[in-house]
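Read through the structure below, which is laid out as structure tokens, and then see the notes.
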There are 2 protein chains.
Amino acid sequence: MSNESIWVTIVEDTDRFREVFALIIDDRDGYRCVSQYKDCESAIQNIVEDNPDVILMDIELGDDKITGIEAVGLIKAKLPETEIVMLTVHEDNDAYIFDSLCAGASGYLTKDVSPDALLDAIRQAHKGGAPMSLPIARRVVTTFQQSPDKASELSAHETRVLSLAAADLVDKEIADKMDISRDTVRYHFKGIYRKLQVHSKHGAVAKAMRKGLL
Amino acid sequence: MSNESIWVTIVEDTDRFREVFALIIDDRDGYRCVSQYKDCESAIQNIVEDNPDVILMDIELGDDKITGIEAVGLIKAKLPETEIVMLTVHEDNDAYIFDSLCAGASGYLTKDVSPDALLDAIRQAHKGGAPMSLPIARRVVTTFQQSPDKASELSAHETRVLSLAAADLVDKEIADKMDISRDTVRYHFKGIYRKLQVHSKHGAVAKAMRKGLL
DNA sequence: CAACAAACTACCCAATCAGGCAGTCTAACT
DNA sequence: AGTTAGACTGCCTGATTGGGTAGTTTGTTG
């Protein structure tokens, strides 16, 4: 937490990337690379003493016992104030992005980032932002943008039936609540199953919730 | 879709903001404010002819019949290639942010943005990015970061059983996947029902997902 | 070692469920 | 008027489920 420079730690197993990033950071006033690690284990052991403001963490760490994603959670537990920015070579794996963010990372960059953009991202993360490469930011945002047929997917009755099911009611109770017959409830579920392509109430509830229908 | 300039349309009811933004945009090479609107209705009527690359849209439009959020969906339907960046004065309403993104907006800025940052955001949106003010970007990211007591509720086996159920599997299939007997699956469900206080798979899946356990 | 809790397996029973088939009723479109 | 589509109800069958009870194995603790 220096007043003058942003302290940065790099965790990256590829020598070339690590050295280049360190040079970029140390070369510029206001930034200081306080430590570098080639693997998560040694990083986790020493990171508290380094006390960096921002950590650049490779997401695909070679033959480590733990991945960069798991390391995020461990480090965040020790240094909750430290911002972690993930680095990746390929931007093609959605699961990586979201697992990292869920684990506590604040940003996500591809390694082809320019020096200026890298430093800008470090500054943004330190200031409370969420620096992301363009395609990654877009990917994150699009997860909020469901398929256009969202609302037209289920009818009003189907939605109500399903949301009552999600409230742990059985068919008879749903029927009473909606003032329709038990068989009509079953009829609606058949429609729900067809539209959501599932074969059970639990599958339907899960899929509907994931799609934002409930 | 100009090769030279990014065409921008502004939808904003406050005269001062609208004029300032237009000046900023027209003053700089590479940006052109092709139209301005004070309300959603007139914007929606004319926007197709304007055919802007990027729209800056106020989110709190005064006494309009529709809000800026609804307008996003309508405009996106007409101009799917156009990027929409929301403008807001207060950054404190999570629902606005997520509703806008869900409706199809690509970015989200507070109105106290600097001229350079505004132009940068327009360029980013046009290039496929997702420009967001620092606190807003952080808010979006934190929605991916669930509460810390997430895993403590259910055992590892229970969580796995439940997540397989959420994938629409029946007990026998879950048992095969986990290499345990069908009755053991049922045993785990009993534990899940007790802990979540439900009496059905669909109730359990819904409650677990709402709690962020899945 | 004894006691204990847990994870696991098994079986019973009544209720519910999923899927298929059939029929009614109403509103909309031709 | 005839056709069509959708919402609704009913029933049948076999399978699954929820709840209960009980025995085994395993590891842990005193």
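Lettering of chains follows the sequences in order, A, B, ..., and the numbering in each one begins at 1.
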Specify whether Phe21(A) and Phe17(A) have parallel, tilted or perpendicular ring planes, treating 30° as the upper limit for parallel and 60° as the lower limit for perpendicular.
parallel
Interatomic distance where CD1 belongs to Ile192(A) and C1' belongs to dC8(D) [whole Å]:
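Atom-to-atom, Ile192(A) to dC8(D), this comes out as 15 Å.
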Spacing of Glu173(B) atom CD relative to dT16(D) atom P, expressed in whole Å
9 Å
Out of Glu12(A), Arg18(A), Arg16(A), which one pairs with Thr14(A) under the side chain to side chain donor-acceptor pair (under 3.5 Å) rule?
Glu12(A)
Output yes when Asp58(A) and Lys111(A) qualify as a salt bridge under the 4.0 Å nitrogen-oxygen rule, no when they do not.
yes
Quick check on [N]: is either OP1 or OP2 less than 4.0 Å from any side-chain nitrogen or oxygen of [X]?
| X | N | result |
| --- | --- | --- |
| His157(B) | dA7(C) | no |
| Ser181(A) | dG10(D) | yes |
| His188(B) | dC8(C) | yes |

Using a distance-only test with no angle check, is there a side-chain donor-acceptor pair under 3.5 angstrom linking His157(B) and Ser155(B)?
no
Does any donor atom in the side chain of Thr110(A) or Asp112(A) lie under 3.5 Å from an acceptor atom in the other side chain?
yes
Protein-to-nucleotide contact annotation, 5' to 3' order, nucleotides 13-28 of chain C [B base; S sugar-phosphate only; - none; under 4.0 Å, heavy atom]
---SSBBBB-------
Quick check on side chain to side chain contact (heavy atoms under 4.5 Å, CB included): which of Ser42(B), Pro52(B), Cys40(B) does Ile47(B) satisfy it with?
Pro52(B)
